[in-house]
Amino acid sequence: MSDKSLHPFERMIVVLSRLVRDGEIAAVGTLSPLPAAALFLAQLHHAPNLVPLIYGDPDTRITDGLHEFFGLAQRGMIDLFFLSGIQIDQWGNFNLSVIGEYHKPKLRLPGGAGSNMMIMMAKRTIFFTITHTKKLFVPQVDFKNGSARDDSIPWRRGVFSHCVTPLALLRFDESSSRLILDATYPGIDMETVAENTGFDLDTTGRSIDEIVPITEDELSLLRGPARERLRRVYPLFCNMLWT
Amino acid sequence: MLLALQAGANGIPFTPVVGFLNSDYLTVRRDFKRIKDPYSGTEYVAVPALVPDVAVIHAFQGDPSGAVVTDSFRNDRLLAMAARKTIAIVEELVDPDDLLPGRHGVYVASVHIDAIVVAPHGAHPTACRGRYDIDAEHIMRYLEAARNKDSYQVYLEKYITGPEDHEAYLEIVKGDAS
């Protein structure tokens, strides 16, 4: 299967889904069509025992909204969560709130406080970003909603796992405590990734894997039953991606 | 925020939370305080309870007593329990015996609600689950209008300050589509 006929979001959904393990309890919050699609695909493809908790999905029957999700996470029952950011820095700190100075921001977004608890209390968090630019991947975030890990907090259990972007798969390296390049997509070279990242991804002297191209099986599940399930949660996104 | 509302709903002045340590919240929110668990000595952050003066929620149905059924994905019940006064906008008024949560609803007792406003399509241009979808075209129109003061003023006059009531607003919206 040639990757050229794919929408970048389709590639991202597949890469996200491959990071999902069978048997996990995985939660997806608001405004997150890519991870929601990834969970549906993973469940159909390699994780039949996955428990997806998807905010807005009619099949996720809860009574207490996000309060219920948060309670589960705080008690250690969420294995996997997904977050995005308007800035992510070299240490894996992330910003979901403001660009510029906090009290005089150039851009102010609503919410974000729940993300701090989720990354600390879900066992691991995978990030996804719909762009990959130097504006997003900055040396240091303007506002730190949360950090990749923190050994000084005894009750923290969660870590920054990976970050899936339209250009590459990044991962948080525990030994250096830095965000580094894990793999590139077929057809996108390391230089392109480096040119669009505001910090060093530790590629010198390391051999970087190329992501295994999307299989026919993955694509037909994604464009078939996974898409139909996603349509019930994110109809506008599905119309945009698949018309 | 939800735990702060939970504290508000229970009449507790503050609540410890698992979060915020080693984040910039502690520098911009002076009301978030470091505290020690009196039992284990472990450090946490305390946040003050949230008690809104007024909460406005949108519910599927209400009955004449003031009870409502609202969307289970939202935390409207928590909000109504925490706020001093709660106004519920409902799609329709039904008989108390017919006010049932169903597959995606949550029952909120009348003791938590102070006023009900019956307004079919009252969530427009956002969605009301199971009843109508988001009006994406209108949201785009709003986003365009909000880019500068003049166009925003035109938007306000056309949709918000101009129409006499909600029904008149819906008529204008209907006119956009045709």
Side-chain angles (χ1 to χ4, degrees), chain A residues 29-30 54-71 73-76 93-95 97-98 101-103 105 110-121 141-158 233-237 239-240, chain B residues 1-7 9 15-30 32 34 36-37 40-45 47 50 57 69-79 81-82 101-108 126-127 129-130 132-137 139-140:
Chain A
T30 56
I54 295 170
Y55 187 82
D57 178 14
D59 290 333
T60 297
R61 292 194 61 185
I62 54 170
T63 50
D64 250 343
L66 282 179
H67 198 44
E68 191 166 336
F69 276 43
F70 288 179
Q74 287 168 210
R75 288 166 52 210
N93 298 313
F94 61 96
N95 175 3
S97 290
V98 292
E101 205 267 312
Y102 187 84
H103 293 287
S115 67
N116 177 282
M117 182 282 289
M118 288 304 297
I119 196 167
M120 292 222 226
M121 303 315 272
V141 292
D142 292 350
F143 181 81
K144 187 160 84 170
N145 286 77
S147 57
R149 79 162 188 206
D150 200 323
D151 298 331
S152 70
I153 300 171
W155 43 263
R156 175 169 182 164
R157 69 171 72 84
V233 197
Y234 290 106
L236 297 180
F237 176 84
N239 291 344
M240 182 275 294
Chain B
M1 186 175 86
L2 293 168
L3 275 177
L5 283 172
Q6 181 82 71
T15 182
V17 297
V18 279
F20 301 133
L21 285 174
N22 194 14
S23 78
D24 285 341
Y25 281 103
L26 291 183
T27 49
V28 298
R29 290 293 300 260
R30 296 288 166 85
F32 290 6
R34 294 168 183 274
K36 277 198 162 46
D37 175 346
S40 70
T42 308
E43 190 175 55
Y44 291 92
V45 169
V47 301
L50 272 178
I57 63 173
V69 163
T70 178
D71 190 333
S72 62
F73 273 124
R74 312 216 176 275
N75 289 115
D76 291 334
R77 183 168 162 272
L78 186 61
L79 202 52
M81 289 175 74
R103 196 170 155 80
H104 301 302
V106 167
Y107 181 84
V108 186
T126 60
R129 185 146 66 120
Y132 46 88
D133 289 331
I134 190 169
D135 185 346
E137 207 177 296
I139 299 265
M140 290 312 292

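Residue numbers start from 1 in every chain, and the chains themselves are labelled A, B, ... in the order their sequence lines are given, proteins ahead of strands.
Using a 4.5 Å cut-off between heavy atoms, B/Leu5 makes no contact with chain A at all. Of the two parts of B/Asn75, only the side chain, counted from C-beta on, holds a non-hydrogen atom closer than 4.5 Å to a non-hydrogen atom of chain A. Using a 4.5 Å cut-off between heavy atoms, B/Val18 contacts chain A through both its backbone and its side chain.
A 6.0 Å sphere centred on CZ of A/Arg75 holds no more than 12 heavy atoms belonging to other residues, nucleotides or ligands.
Here the side chain of A/Trp155 pairs a donor or acceptor atom with the backbone of B/Glu43 at under 3.5 angstrom. No side-chain donor-acceptor contact under 3.5 Å links B/Ser23 to the backbone of A/Gly146.
Ranked by heavy-atom pairs under 4.5 Å with chain A, the list B/His104, B/Arg129, B/Arg103 is led by B/Arg103. Per-residue counts of heavy-atom pairs under 4.5 Å with chain B were compared for A/Ala73, A/Gly112, A/Gly56; the largest is that of A/Gly56. No other option in A/Met118, A/Glu68, A/Met121 has as many heavy-atom pairs under 4.5 Å with chain B as A/Met121. Of all the listed residues (A/Gln74, A/His67, A/Met120), the one sharing the greatest number of non-hydrogen pairs under 4.5 Å with chain B is A/His67.
Here A/Asp57 pairs with A/Arg229 under the salt bridge (Lys or Arg N to Asp or Glu O under 4.0 Å) rule; sequence neighbours left out. Listed by chain and number, the residues in a side chain to side chain contact (heavy atoms under 4.5 Å, CB included) with B/Asp135 are B/His124, B/Pro125, B/Glu137, B/His138, B/Val173 (sequence neighbours excluded).
Below 30°, between 30° and 60°, or above 60°: for A/Phe143 and B/Tyr25 the angle between ring planes is above 60°, a perpendicular geometry.
Considering CZ of A/Phe70 and CE of B/Met1, their distance stands at 9.0 Å, rounded to 0.5 Å. Note that the CD1 atom of A/Ile54 and the CZ atom of B/Phe73 stand 9.5 Å from one another [nearest 0.5 Å].
Side-chain contact between B/Leu2 and A/Leu66 is present, with at least one heavy-atom pair separated by less than 4.5 Å.
B/Asn22 and A/Ile153 make their closest contact through CB-CD1, 4.4 Å (heavy atoms, listed as atom of the first residue, atom of the second, distance).
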